[in-house]
Amino acid sequence: MLIGVAEYPDGGTFDSVEGASYNVLRLKELLTDHAYTGFHPKREYTRTMLNPHTADGIRAAVKRAAEQATDVLFVYYVGHGSRVGAERELYLTTCTTASGESVETTGLRYTVLRGLLRGARARVVVLVLDCCFSGIATKVLGDGEALAEDELLDQTKVAEDVDEGLIDGVCVMASSGPTQTSEASDKASATKYTAFTGHLVTVLENGDGDTSPLLLGELFRRTEKRMGRFSVGHQPLMATVGTAGNLVMRQAAAPPPEPEAVSAPVPTPTAPTGSASVTSDAPTDAEPLPGLLSWLPDGTIVVHDPGYAERIISMRGRLAPPAAHDDTSTETVTPQGGKHDGH
């Protein structure tokens, strides 16, 4: 389920997020490619929502996906995030959200989304949020040292399910910390995506030249490292339960072909002092005696031991074909149809 909000009401406090549409469309291409995660491209398996007008529309779509997915449920959202009230609750905006004051009536409360994902049937649940304050969803504390007891799913239930092999776990990935905004454009590396998703897509596509399978946890770590290298002004966060971090996001790539060996040019042998040189029109497939002579491309035989000159001359006489007189016409006959069978 890929959701992107790029447009917002004119005159409102939220600017448009031009990269949101690119994010959603490119992620769909990658995630449905068998070289990557390999989700089924049909709409009933992989859905996209661009510029949803209502929170109910998002809620209904996610609820349906959570009820139907049995293997992997992957939910992605990009748009503006807003913190509301004394509890600083996270809300995800829609294209009708004009300001922070209206987000409670037009946006989707994160705890509602979390409740939908708690009821998912899938063995693996992945939530990726590319919006301001998205770190609230990971429940990572401000000092980054501990996880709150209440994460995406109930910790005790998840531990029991993992032990019983019922699910493989849950992963929440956020573009920024609980108090950080997220950059709406990837200015540093000059892509058309938002900052977080732009770096994530780059790692997913290229993998730093690594041909081994790229796992979800490693995808995050490389994205985080790349964002630091490009001095992106916010810190991505990830929280996992169980083995969800081992979800394969890109299959093993075939190693690059070995470069073709380039043969060094063979130096033209020169006759040593005292050698005898004999010109021959004998067929070039005649085998010379190893170490005693060399055959040049023009048919010249270079004898490296003068004592063998007479033997080579007599061999030339035996191999040379007898002269023949040919008085047939030299006119070329082309087969019917103008075709030529080659030579």
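The figures that follow rest on heavy atoms only: side chains count, while hydrogens, waters and symmetry mates do not.
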Trainee: Does the side chain of T106 pick up a donor-acceptor pair with the side chain of T96 at under 3.5 Å?
Mentor: no

Trainee: Determine which pairs satisfy side chain to side chain donor-acceptor pair (under 3.5 Å) with at least one residue from residues 70-80, sequence neighbours left out, and list them in order.
Mentor: N23-Y76, Y76-T197, Y77-T93

Trainee: Are any non-hydrogen side-chain atoms of V24 and V78 less than 4.5 angstrom apart?
Mentor: yes

Trainee: Using the six-membered ring wherever Trp is involved, compare the ring planes of Y193 and Y22 and label them parallel, tilted or perpendicular (cut-offs 30° and 60°).
Mentor: perpendicular

Trainee: Between R221 and E224, does at least one N-O distance fall below 4.0 Å, as a salt bridge requires?
Mentor: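 Looking at R221 and E224, the cut-off is not met.
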
Trainee: Could you work out the complete set of other residues in the hydrophobic cluster of V84, with links drawn between I, L, V, M, F, W and Y side chains under 4.5 Å apart?
Mentor: Y91, V103

Trainee: Name the one of L27, L30, L31, V248 that satisfies side chain to side chain contact (heavy atoms under 4.5 Å, CB included) with Y36?
Mentor: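 Running side chain to side chain contact (heavy atoms under 4.5 Å, CB included) over L27, L30, L31, V248 with Y36 returns exactly one hit, L30.
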
Trainee: Supply the atom-to-atom distance F220 CZ to M173 CE, rounded to the nearest 0.5 angstrom.
Mentor: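 If we round to the nearest 0.5 Å, F220:CZ and M173:CE are 6.5 Å apart.
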
Trainee: Report yes or no: do S176 and S182 form a side-chain donor-acceptor pair below 3.5 Å?
Mentor: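 Side-chain D/A pair, S176 to S182: present.
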
Trainee: Give the C-alpha distance, both sets of side-chain angles, the deciding distance and a yes or no for side chain to side chain contact (heavy atoms under 4.5 Å, CB included) between L2 and L25.
Mentor: CA-CA 9 Å; L2 306 173; L25 296 177; over 6 Å; no

Trainee: One thing to verify: whether E205 and R26 come together as a salt bridge, which I'm taking to mean a side-chain N less than 4.0 angstrom from a carboxylate O.
Mentor: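 Yes, this pair counts.
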
Trainee: Applying side chain to side chain donor-acceptor pair (under 3.5 Å), which residue pairs with at least one partner in residues 55-68 are found, sequence neighbours left out?
Mentor: R47-Q68, K63-E67

Trainee: Run the side chain to side chain contact (heavy atoms under 4.5 Å, CB included) test on M227 and H234 for me, step by step, so that the C-alpha distance in whole Å, both residues' side-chain angles and the decisive distance to 0.1 Å come before the verdict.
Mentor: CA-CA 8 Å; M227 289 173 67; H234 48 95; 3.7 Å; yes

